[in-house]
Chemist: 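Provided herewith is a single structure, encoded as structure tokens, for subsequent inquiry.
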Amino acid sequence: MPELPEVEVTRRQLSPLLVGRTIRAVATTRPSRFFVTPPRTLARRLLGRRVLTLERRGKYLLARLDDDARLLLHLGMTGQLFAAGIPGVRLLSSTRGSALAPEQQAEAFRPDSHTHLIIRFSDGGPDVLFRDVRKFGRVQWLAAGESSPRLDRLGVDALQARPADLWSATRGRRRCIKALLLDQSVLAGVGNIYADEALFLAGVRPSRRAGRVSRAEGHRLLAGLKRVLQRSLATGGSSISDYIQPGGGRGRYQDERRVYGRTGEPCRRCRTPIVRRLIAQRGSHFCPRCQS
DNA sequence: AGACTAACCTGAAAGC
DNA sequence: TGCTTTCAGGTTAGTC
């Protein structure tokens with residue numbers, strides 16, 4: 001699922017497809033929760049606007065427009081932002097990424113019922129598409145100066161966090177450390193995969209009470225978190241379920257996972273089978289021997 | 001404060 | 001084989 005690295009990879013690849021271009025047409029699917037701003041309103045507001053910047057805040061993407069309005073995007077669980085006409089996207093969007101037949105790889109994506117937003121530009125170049133099978137993603141238009149509770153709630157971006165940020169958030173807290181890591185108001189951008197990976201690197205069980213995490217462990221936790229986030233960024237993110245890059249490529253970080261989705265497989269450090277348990281209402285993976 | 005639940009959504013996987 | 005049930009999870013909202 002898209003977390004900080006996937007969203008940042010998306011931002012980097014989507015930037016040149018958006019920034020500096022003027023919107024000529026907008027096509028959408030029917031109104032749904034996907035559209036925080038109703039599709040017709042959205043289309044009206046975007047028409048004729050030029051995109052000035054594309055930035056990331058936690059798992060959100062924020063496009064600034066030339067009228068000082070902003071377009072807020074969230075990929076949710078299965079969101080895919082990409083350029084139209086690139087080969088193979090439809091097939092790559094299926095889970096598990098089985099091997100593709102060569103003739104299928106050359107097949108270009110055509111908008112389907114899950115393609116909720118299509119943006120066309122005045123330069124006639126490639127369209128930008130937002131596809132989301134489960135519709136957990138969000139699109140919202142923000143007027144100039146309009147605040148957004150979603151954005152305002154976010155804590156420090158996980159890549160910018162300092163040990164003191166995590167330390168102060170854990171002091172005296174009874175909730176488990178995994179829940180705290182997933183709390184976007186504490187560290188923005190962390191999701192299930194990287195929380196589990198970071199906890200493994202720090203040797204801390206996801207079920208441990210946050211207040212019981214020592215200063216040294218907290219330090220290791222944040223260092224481990226940044227390490228896995230940076231490494232994932234460098235490998236193009238994790239293409240575990242539906243994530244694809246705007247250019248159609250797949251990330252490779254899933255090959256480097258230490259615990260996430262490795263239930264029953266041997267721990268890479270001690271060979272003990274990785275355990276999966278429901279913690280903080282999330283599937284949580286850890287090594288029962290390496291993490292305490 | 002925070003644990004828990006429901007809701008949203010669909011396709012894959014598991015169950016029968 | 002084929003139909004049915006379960007499951008996955010980011011975020012918000014609401015209850016206790």
Side-chain angles (χ1 to χ4, degrees), chain A residues 1-8 10 29-39 56-62 72-81 89-98 112-117 130-140 147-155 157-158 168-197 206-213 229 237-244 254 257 259-264 276-285:
Chain A
M1 67 270 357
E3 303 181 25
L4 189 152
E6 291 77 28
V7 178
E8 179 61 19
T10 297
T29 51
R30 300 283 92 202
S32 68
R33 281 180 166 71
F34 179 83
F35 296 102
V36 178
T37 301
R56 180 190 59 78
R57 306 223 187 141
K59 301 177 194 172
Y60 287 95
L61 287 175
L62 196 57
L72 187 59
L73 305 166
H74 195 290
L75 294 173
M77 289 293 303
T78 53
Q80 305 169 318
L81 278 162
V89 167
R90 168 167 29 189
L91 298 147
L92 290 170
S93 70
S94 65
T95 50
R96 306 291 176 261
S98 53
D112 58 10
S113 64
H114 302 303
T115 308
H116 302 295
L117 181 65
F130 192 168
R131 182 173 185 266
D132 185 2
V133 170
R134 293 187 195 169
K135 288 198 269 190
F136 279 16
R138 294 291 180 263
V139 179
Q140 182 175 20
S147 67
S148 162
R150 298 165 191 273
L151 290 178
D152 295 342
R153 260 197 295 272
L154 295 180
D157 196 82
S168 63
T170 58
R171 284 315 82 198
R173 300 308 170 104
R174 304 174 55 125
R175 66 198 304 210
C176 68
I177 186 65
K178 170 89 182 255
L180 189 133
L181 286 177
L182 293 176
D183 187 337
Q184 300 300 297
S185 71
V186 177
L187 296 180
V190 182
N192 212 21
I193 298 173
Y194 302 104
D196 280 2
E197 296 297 309
S207 55
R208 178 109 62 95
R209 285 186 180 191
R212 297 288 189 175
V213 174
L229 291 175
S238 303
S239 289
I240 290 181
S241 67
D242 298 70
Y243 178 72
I244 52 149
Q254 62 273 18
R257 284 170 296 147
V259 287
Y260 185 85
R262 297 193 64 245
T263 311
R276 181 186 187 279
R277 277 179 47 200
L278 203 62
I279 296 166
Q281 278 69 255
R282 284 299 200 295
S284 302
H285 313 72

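Proteins come first, then strands; the chains are lettered A, B, ... in the order of their sequence lines, and each starts at number 1.
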Chemist: From CG of A:L72 over to P of C:dT11, roughly how many Å is that when rounded to an integer?
Modeler: 11 Å

Chemist: Report the residues that fulfil side-chain contact (heavy atoms from CB on, under 4.5 Å) with A:S207, sequence neighbours left out, ordered by chain and then residue number.
Modeler: A:R205, A:I279

Chemist: Let me check the geometry of the helix from B:dG2-C:dC16 to B:dC16-C:dG2. What is the bend angle between the axes at its two ends, five pairs each, to 10°?
Modeler: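 Here the local axes at opposite ends form an angle of 60°.
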
Chemist: List for me each residue that meets side-chain hydrogen bond (donor to acceptor under 3.5 Å, both in side chains) alongside A:D183, sequence neighbours excluded, and say none if there are none.
Modeler: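 Result, side-chain hydrogen bond (donor to acceptor under 3.5 Å, both in side chains) vs A:D183: A:R175, A:S185.
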
Chemist: I'd like to check the ring-ring contact (aromatic ring centres under 6.0 Å, His included) partners of A:F130; sequence neighbours left out, ordered by chain and number.
Modeler: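 A:F34.
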
Chemist: side-chain contact (heavy atoms from CB on, under 4.5 Å) with A:T263: which residues, sequence neighbours excluded?
Modeler: A:R276, A:H285

Chemist: Between the protein and nucleotides 12-16 of chain C, are there any N/O to N/O pairs under 3.5 Å, and if so, what are the atom names and distances?
Modeler:
from	atom 1	to	atom 2	distance (Å)
C:dT12	OP1	A:R153	NH2	3.1

Chemist: I need the residues from residues 187-195 of chain A with at least one non-hydrogen atom less than 4.0 Å from DNA chain B; give them sorted by number, or say none.
Modeler: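 Heavy-atom cutoff 4.0 Å gives no residues at all.
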
Chemist: In chain order, what residues pass the side-chain contact (heavy atoms from CB on, under 4.5 Å) check against A:V213, with sequence neighbours excluded?
Modeler: A:I177, A:V204, A:R208, A:E217

Chemist: Between the protein and nucleotides 3-8 of chain B, which nitrogen or oxygen pairs are less than 3.5 angstrom apart?
Modeler:
from	atom 1	to	atom 2	distance (Å)
B:dA3	OP1	A:R175	N	3.2

Chemist: With sequence neighbours excluded, what pairs up with A:F35 under the ring-ring contact (aromatic ring centres under 6.0 Å, His included) test?
Modeler: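 For A:F35, no residue satisfies ring-ring contact (aromatic ring centres under 6.0 Å, His included) once neighbours in sequence are set aside.
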
Chemist: Report the distance from atom CG of A:L181 to atom C1' of C:dG10, rounded to the nearest whole Å.
Modeler: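 Result: 15 Å.
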
Chemist: What integer distance in Å separates A:L182:CG from C:dA8:P?
Modeler: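 Value for this atom pair: 15 Å.
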
Chemist: For A:Q140, which residues count as a side-chain hydrogen bond (donor to acceptor under 3.5 Å, both in side chains) partner, sequence neighbours excluded?
Modeler: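 Only A:R150 meet the side-chain hydrogen bond (donor to acceptor under 3.5 Å, both in side chains) criterion with A:Q140.
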
Chemist: Salt bridge check: are A:D196 and A:R282 linked by an N-O gap of less than 4.0 Å?
Modeler: no

Chemist: With a cut-off of less than 4.0 Å, is there a side-chain N or O of A:Q184 near OP1 or OP2 of C:dG10?
Modeler: no

Chemist: Over all strands shown, is A:Y260 touching base, sugar-phosphate only, or nothing at heavy-atom distances under 4.0 angstrom?
Modeler: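 Sugar-phosphate only.
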
Chemist: Are A:H74 and C:dT11 close enough that a side-chain N or O sits under 4.0 Å from OP1 or OP2?
Modeler: yes

Chemist: Please list all pairs meeting side chain to side chain donor-acceptor pair (under 3.5 Å) that have one or both residues in residues 30-39 of chain A, counting only residues at least two apart or in different chains.
Modeler: none

Chemist: Treating A:N192 as the side-chain partner and A:A195 as the backbone partner, does any N or O pair qualify as donor plus acceptor under 3.5 Å?
Modeler: no

